[in-house]
Amino acid sequence: MKNITKICCIGAGYVGGPTMAVIANKCPHIQVTVVDLNEARIAAWNDVDTDNIPVYEPGLSEVVAEARGRNLFFSTAVDDAIAEADMIFISVNTPTKTYGAGKGMGADLKYIELCARQIARVSMTDKIIVEKSTLPVRTAEAVRDILHNTGKGVKFQVLSNPEFLAEGTAVADLFNPDRVLIGGDSTEEGQEAIQALVDIYNNWIPRERILTTNVWSSELSKLVANAFLAQRISSINSISELCEKTEADVNEVARAIGTDSRIGSKFLKASVGFGGSCFQKDILNLVYISRSFGLQEVADYWEQVIIMNDHQKKRFALNMIKSLYNTISGKKIAFLGWAFKKDTNDTRESAAIYVADELLNEQARIRVYDPKVNSDQIFGDLNYLQTRKPEENASNVKVFEDPYRACENAHAIAILTEWDEFKDYDWQRIYDSMLKPAKVFDGRNLLDADKLRKIGFKVQSIGTTS
Ligand code: NAI
């Protein structure tokens with residue numbers, strides 16, 4: 001297998017952008033070109049001011065600034081980059097299908113297939129294709145089928161290399177991952193391809209943290225990792241509801257069980273529910289695959305993680321309504337946070353969207369402040385649901401650039417994202433500007449409830465009654 005000197009990555013999104021920036025940063029001897037059909041996105045990656053790149057991640061703009069123009073390039077010339085590359089990462093989106101068989105459950109693989117066909121059409125030299133997107137187990141079979149029938153004598157090896165970065169800590173995760181997973185064929189050529197990718201990661205990641213498996217284990221492991229992570233959140237969230245009935249405190253329960261080394265303390269924080277582009281879609285995909293193999297019990301088991309998460313979001317909204325005397329029509333509710341988690345500008349599947357939707361059904365007036373999400377994104381998210389006309393969303397939701405103004409004259413505040421800055425606000429000033437009784441619904445158990453109560457707020461945190 002020849003030395004890899006040119007990499008192309010198809011898809012300049014939340015995964016393609018950061019992963020390739022870090023490979024370029026750590027491998028100055030490799031030319032990395034990230035391509036996308038979306039011209040605006042590529043233009044933003046090429047913005048002279050790296051603070052304007054389309055993905056917000058702590059530390060990312062510095063990594064991009066260091067490598068961009070040296071060995072990191074962003075381009076819309078997809079064919080050229082494919083033709084030149086020795087190795088091609090496919091990092092396009094794989095959303096849940098919205099039509100046809102598997103609608104609402106299975107992964108929509110049309111973008112993956114388009115990439116495979118484009119690679120097959122353009123390639124004149126042998127290439128290693130790396131599945132970076134999260135894919136249903138056995139997708140590599142379809143990719144291989146398309147590539148192996150070009151009749152041009154070009155040889156392809158297909159590897160699976162799922163990405164485990166978490167948004168909000170993507171750069172740190174990429175610099176220092178728990179593990180890198182590479183799946184490939186057991187044939188000599190397959191093993192050579194695996195070695196070529198191992199050699200790239202080995203520029204900064206110790207060999208023992210680079211795991212190699214067969215392709216199917218690798219594809220499936222990504223779905224399973226996300227299912228296990230989300231399952232922990234739904235597990236602690238289910239207990240949060242029981243805590244609210246029994247005067248147990250979910251934070252104390254989480255600490256008590258998390259100190260058991262078999263359970264571990266991470267991912268045990270109760271909240272308004274998980275969001276993000278991955279957990280829900282990947283579990284639905286797992287459920288769909290299990291059902292398609294006739295594994296009803298397996299499918300039902302994992303589906304419950306989603307059912308619990310939907311319940312938690314809805315429960316949070318209904319609890320607010322109840323506590324605001326069962327009527328929120330015309331009442332102003334300030335949302336602090338819209339992103340699905342802190343330190344990212346990604347709002348896909350954010351709990352805030354669904355809580356807002358529920359409250360808007362009750363004719364609430366919503367005031368939103370998020371440090372990194374702009375109003376176009378917020379209205380886009382609400383309009384996408386098609387629950388009501390865009391004009392209605394426009395008249396009932398207002399987006400602010402100043403959190404204090406968002407909270408002025410509000411009946412209540414809901415904390416939807418755990419941004420650190422919310423903890424340091426002048427809460428006395430906020431209290432003074434609100435209607436009384438001033439209520440705070442802390443969907444992230446972020447704020448110091450005792451401190452707020454001393455000011456005069458009525459506070460409800462998830463999974464506690466005190
Ligand atoms: P994204 O939606 O941010 O980016 C995907 C990009 O691919 C878009 O900019 C789109 O224009 C581009 N694209 C689609 N088809 C194309 C084509 N034929 N040619 C060129 N460009 C094309 O998606 P994101 O979040 O980066 O996710 C990508 C994959 O990585 C998904 O499978 C996701 O499940 C997986 N993943 C995502 C993680 C995350 O934290 N966002 C973490 C780990 C995996």
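When a residue number appears, it is its place in the shown sequence, counting from 1. One-based numbering, in listed order, for ligands and for the atoms of each.
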Would you say Asn176 and Arg209 are linked by a side-chain donor-acceptor pair, where the criterion is simply a distance under 3.5 Å? yes
For Thr94 and ligand 1, does the shortest N/O to N/O distance drop below 3.5 Å? yes
Counting from 1, what ligand 1 atoms have a heavy atom of Gly13 closer than 4.0 Å? 1 (P), 3 (O), 4 (O), 26 (O)
Look only at interatomic distance and state if Lys281 has a nitrogen or oxygen under 3.5 Å from any nitrogen or oxygen of ligand 1. yes
Could you list the atoms of ligand 1 found under 4.0 angstrom from a heavy atom of Ile10? 19 (N), 20 (C), 21 (N)
Could Lys132 and Phe89 be counted as a cation-pi pair, given that NZ or CZ must be under 6.0 Å from the ring centre and within 45° of the axis? no
Return the minimal non-hydrogen interatomic distance between Leu359 and Ile366, and the atom names on each side. CB-CD1, 3.9 Å
Below 30° counts as parallel, above 60° as perpendicular, anything between as tilted: where do the rings of Trp302 and Phe228 land? tilted
Within-cut-off N or O pair, Asn38 and ligand 1, under 3.5 Å: no
Is it the case that Ser217 and Asn214 place a side-chain donor and acceptor less than 3.5 Å from each other? yes
From the candidates Val92, Ile42, Asp173, the one that places a heavy atom nearest atom 13 (N) of ligand 1: Val92
Does the side chain of Gln377 pick up a donor-acceptor pair with the side chain of Thr347 at under 3.5 Å? yes
Closest heavy-atom contact between Cys27 and Ile200? SG-O, 3.9 Å
Could you tell me whether Asp36 and ligand 1 have an N or O pair separated by under 3.5 Å? yes
Could you identify the single nearest non-hydrogen protein atom to atom 14 (C) of ligand 1 and state the distance to 0.1 Å? Asn93 OD1, 3.3 Å
Of the listed options Leu37, Val35, Asp282, Leu109, closest to atom 17 (C) of ligand 1 (non-hydrogen atoms): Leu37
Contact (N/O only, under 3.5 Å) between Thr134 and ligand 1: yes
Arg41 N/O under 3.5 Å from ligand 1 N/O: yes
Check: Glu167 N/O within less than 3.5 Å of ligand 1 N/O: yes
Compute the shortest N/O to N/O distance between Tyr14 and ligand 1 and return yes if it is under 3.5 Å, no if not. yes
For atom 38 (C) of ligand 1, what's the nearest protein heavy-atom neighbour? Residue, atom name and distance, please. Val15 CG2, 3.2 Å
State whether Phe175 and Lys26 meet the cation-pi test: NZ (Lys) or CZ (Arg) under 6.0 Å from the six-membered ring centroid, and within 45° of the perpendicular axis. yes
Would you check if there is a donor-acceptor pair between the side chains of Glu66 and Asn25 at a distance under 3.5 Å? yes
